[in-house]
2 protein chains.
Amino acid sequence: MNEKDKVTIYDISEKLNISAATVSRALNDNPKISIKTKELVLKTAAAMNYKQNRLAQALKSGKTNNVGVIVPYIDRNFFSSVIRGIEEELSPHGYHVIICQSHEDVTNEITQINTLLNTQIDGIFMSISKTTQDTSHIQKVLQEKTPLIFFDRKKDLPGFSSVTIDDFNGGFSATEHLINQGCTKIVHFSGDLNLDIYKNRCDGYMAALKKHGLPIRKEYIIQVNSKIESGASAISELWELEDKPDAIFSAGDYAALGAIQELKRRKVRIPEDVCVVGFSNEPFTKYMELPMSSVDQTPLEMGKIAAQVFLEQVKGKQTLTIEKKVVLTPELCIRDSSNRIGKAIPTVA
Amino acid sequence: MNEKDKVTIYDISEKLNISAATVSRALNDNPKISIKTKELVLKTAAAMNYKQNRLAQALKSGKTNNVGVIVPYIDRNFFSSVIRGIEEELSPHGYHVIICQSHEDVTNEITQINTLLNTQIDGIFMSISKTTQDTSHIQKVLQEKTPLIFFDRKKDLPGFSSVTIDDFNGGFSATEHLINQGCTKIVHFSGDLNLDIYKNRCDGYMAALKKHGLPIRKEYIIQVNSKIESGASAISELWELEDKPDAIFSAGDYAALGAIQELKRRKVRIPEDVCVVGFSNEPFTKYMELPMSSVDQTPLEMGKIAAQVFLEQVKGKQTLTIEKKVVLTPELCIRDSSNRIGKAIPTVA
DNA sequence: TTGTACGCGTTATCAT
DNA sequence: ATGATAACGCGTACAA
């Protein structure tokens, strides 16, 4: 009873002395078929261990039921959470999720979009890499009438939907929270300003300062990367200044962590002397020596909503260029690193 | 210049007044073709923005260049790291990685294997769910002559390759390390013993005790899940005992974290009174109040090696049932939570 | 070196 | 209700 070769609808049509077309109809709930033969087909199909070849189906229909997701790195908590959201929303609809990593390199991004297109995926989800400037490779996707949905890191291009968080709001509320804690000299660790998300967080930061009548000081805005060391050395730099800051709002959690480590090394008290707020709400933030405040980007929800946008898009195919921009509100998680309430605020010497 | 419909080899054969076969040959570096026409085809193909339809190719060849990965949850650091390893090793060879989540439920696992098989993937990588007992759905994969490679959580079945870590060794060395710190009353938080990995860690623990002449006490082996609360309540239970332990070796980091939190609440000093070692080396362990010792499972490497095993398997197709078992050695990362000796030494990432 | 013809497994159109 | 046939896009024996 070994089935070495796949059984096709022809095998079963032969066995039943009917045509392959009828078999196909039976398998696809086609109304134009008698219940008798339908049941017969279904039964023997099961008996013969028949499996639909979705490849052939796909070639015929032009739909693969596969989508591609392009992210910088899949093992970054934020991205894997978004992917989880996408997968969980899409798999009940029969879609499979293919993952690609750009390693923050446009070159990879380009080839991945191309090979993804070649495999005839039904849609692409993508967070652009830091090095993506030119967008011609993305524009090309539009011509293939393949839906591409940006999440988190997007480019503002006509014809593309996106799901992002309100990074301006995130930066604004984090900064305002620090002001409410009594901080007035607030430093911002900014990320790569080529990415809108970091630009917006920075804008939000500045807007909050402005609203509260605080000066925007150039030397208080420092470009860092997402490494711990980067945050630490930024602190070293800052502590050379005459006028030392009393708060850090970092656009990333790792830089914030590095800052905290370096501040401790310098015996600076947190949050008494300096408050710190990060961004991303990485899992480690709540388990730190001093649980760190951070802005949560609700990645799971972001993934689910991106998937929903995709589903809408493929359903209502008539409207070719649907363009939907969803903006989620981030959530500020206040923890000990920026919570002075309940702690005695020391008199400044 | 809008190309609404995909251009095929027929379109380009028409334009050049040659046969589609010749075009195909040109595109595939077939030796039986003149350099002239080959270059001509390549040039016009590029000009017409031709893209291979890998779907048709796949249907023809029986190879999709897709592999499936089935894990409980994709946003768990360990799994996303393994997947990263698989992706990075396989993508240079033209493979795409499809991800599936079992949510620790065999039912999902079964349907995922089936749909994956229907889409004609070239291979499956999988870590079984906690609830997987019966393995008939896995056995079926063998008949389809589709390679399936286990990683981390495996079932010992003939015909299947696997890449795992030596969990026995992990449990053994962690326990021995605790003994070397002077601990004699060592508790083990065990995971679900349905999974070999947890059984082996437990066996390693017991072997270390035995080797050093320490008794194996039933009340010192506690079954926990991978939640923080589970570790905390285990401590509460243990602290009811007359004879309180002086060390915890947990088969998971989250339970270990819960234990540490509860111990602190009870003013138990770590590592002076109780040493703690976890398992998995989750990112948060090194950023904790007290950086936690843990056993690293080298997930990235595990993924890469699993991918290599797969590649070998599809290359040397002649040998049908190759069965390769790779066992990696885990790495004990000693940090403050179990380091009574050089306490001042800061832990390296 | 190039062209012809067929098949991969399905589904859809047209007859019957 | 069912059957024959074409077509999806490609690769490849076989023939020329």
Side-chain angles (χ1 to χ4, degrees), chain A residues 3-42 44-45 48-66 94 115 117-122 144, chain B residues 3-42 44-45 48-66 94 115 117-122 144:
Chain A
E3 348 237 346
K4 31 181 72 178
D5 291 302
K6 321 273 179 179
V7 1
T8 74
I9 52 173
Y10 278 95
D11 298 326
I12 130 163
S13 79
E14 243 175 62
K15 184 155 194 170
L16 260 46
N17 271 329
I18 56 178
S19 78
T22 306
V23 176
S24 173
R25 276 190 275 263
L27 261 22
N28 292 1
D29 267 335
N30 192 308
K32 294 184 167 276
I33 195 172
S34 76
I35 304 184
K36 271 188 183 176
T37 47
K38 180 173 170 180
E39 281 179 353
L40 180 64
V41 169
L42 255 38
T44 55
M48 294 177 73
N49 193 28
Y50 166 78
K51 303 263 179 58
Q52 277 199 332
N53 186 332
R54 292 190 42 196
L55 219 51
Q57 245 177 157
L59 178 61
K60 185 78 178 115
S61 67
K63 279 201 56 188
T64 53
N65 281 298
N66 286 153
T115 64
L117 251 27
N118 291 1
T119 51
Q120 313 290 113
I121 38 77
D122 295 344
E144 313 270 349
Chain B
E3 347 239 347
K4 31 181 73 175
D5 291 302
K6 320 275 179 179
V7 1
T8 74
I9 53 173
Y10 280 94
D11 298 326
I12 131 162
S13 80
E14 245 174 60
K15 183 155 195 170
L16 261 45
N17 271 329
I18 56 177
S19 78
T22 306
V23 177
S24 172
R25 278 189 274 260
L27 261 23
N28 293 1
D29 267 335
N30 193 308
K32 295 184 167 274
I33 194 172
S34 76
I35 304 185
K36 272 188 183 177
T37 46
K38 180 173 171 179
E39 282 180 353
L40 180 63
V41 168
L42 254 38
T44 56
M48 294 176 74
N49 193 28
Y50 166 79
K51 305 263 179 54
Q52 277 199 333
N53 185 332
R54 293 190 40 199
L55 219 51
Q57 240 177 160
L59 179 59
K60 183 75 178 126
S61 67
K63 279 200 56 188
T64 54
N65 281 297
N66 286 153
T115 66
L117 252 25
N118 291 0
T119 52
Q120 314 288 113
I121 37 76
D122 295 344
E144 313 272 347

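Labels below follow one simple rule: chain letters A, B, ... track the order of the sequence lines, proteins then strands, and each chain is numbered from 1.
The CG-C1' distance, from A:Leu40 to D:dT2, rounds to 14 Å in whole Å. If you measure from atom CG of A:Leu59 to atom P of D:dC10, you get 9 Å, rounded to the nearest angstrom. The distance from atom CG of B:Asn118 to atom C1' of C:dG9 is 13 Å, rounded to the nearest whole Å. Between the P atom of D:dG3 and the NZ atom of A:Lys32 lies a distance of 15 Å, rounded to the nearest Å. One can place NZ of B:Lys51 at 12 Å from P of D:dC10, the figure rounded to the nearest angstrom. Atom P of nucleotide C:dG9 and atom NZ of A:Lys63 are separated by 23 Å, given to the nearest angstrom. Atom pair B:Glu14:CD and D:dG9:P shows a separation of 13 Å (rounding to whole Å applied). Computed from coordinates, the A:Ile12 CD1 to D:dT2 P distance equals 13 Å when rounded to whole Å.
Nucleic acid contact class of A:Leu55 (heavy atoms, under 4.0 Å, all strands): none.
Put simply, B:Ser34 has a side-chain N or O that comes within less than 4.0 Å of OP1 or OP2 on C:dT2. Within the structure, every side-chain polar atom (N or O) of A:Thr8 is placed at least 4.0 Å from both OP1 and OP2 of C:dG9. Between B:Thr37 and C:dT2, a side-chain N or O to OP1/OP2 separation shorter than 4.0 Å is present.
For A:Lys51, the side-chain contact (heavy atoms from CB on, under 4.5 Å) test picks out A:Asn49, B:Asn114, B:Asn118, B:Glu144, with sequence neighbours left out. Annotation: side-chain contact (heavy atoms from CB on, under 4.5 Å) contacts of B:Ile121 (sequence neighbours excluded): B:Asn66, B:Ile98, B:Leu116, B:Leu117, B:Thr119, B:Ile124, B:Thr146. Under the side-chain hydrogen bond (donor to acceptor under 3.5 Å, both in side chains) criterion, A:Thr115 pairs with B:His96, sequence neighbours left out. The side-chain contact (heavy atoms from CB on, under 4.5 Å) check on A:Ser19 picks up A:Ala21, A:Thr22, with sequence neighbours excluded. Residues satisfying the side-chain hydrogen bond (donor to acceptor under 3.5 Å, both in side chains) test with A:Thr37, not counting sequence neighbours, are A:Ser34.
Residue pairs satisfying the salt bridge (Lys or Arg N to Asp or Glu O under 4.0 Å) criterion with at least one member in residues 17-31 of chain B, sequence neighbours excluded, are listed as follows: B:Asp29-B:Lys38. Residue pairs meeting the side-chain hydrogen bond (donor to acceptor under 3.5 Å, both in side chains) criterion with at least one member in residues 53-62 of chain A, sequence neighbours excluded: A:Gln52-A:Gln57.
A:Tyr50 contributes atom OH, which lies 6.0 Å from atom CD1 of A:Ile9 (distance to the nearest 0.5 angstrom). Interatomic distance, A:Leu40 CG to A:Leu16 CG, rounded to the nearest 0.5 Å: 4.5 Å.
Rounded to 10 degrees, the angle separating the terminal axes of the helix from C:dT1-D:dA16 to C:dT16-D:dA1 is 50°, with each axis obtained from five end pairs.
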Pull out every protein N or O sitting under 3.5 Å from an N or O of nucleotides 11-13 of chain D, one pair per line with the distance.
unit_1 : atom_1 : unit_2  : atom_2 : d
D:dG11 : OP1    : B:Asn28 : ND2    : 3.1
D:dG11 : OP1    : B:Gln57 : OE1    : 3.1
D:dG11 : OP2    : B:Ser24 : OG     : 3.0

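When each of B:Ala56 and B:Ile33 is assigned the nucleotide of DNA chain C bearing its nearest heavy atom, the one mapping closer to the 5' terminus is B:Ile33.
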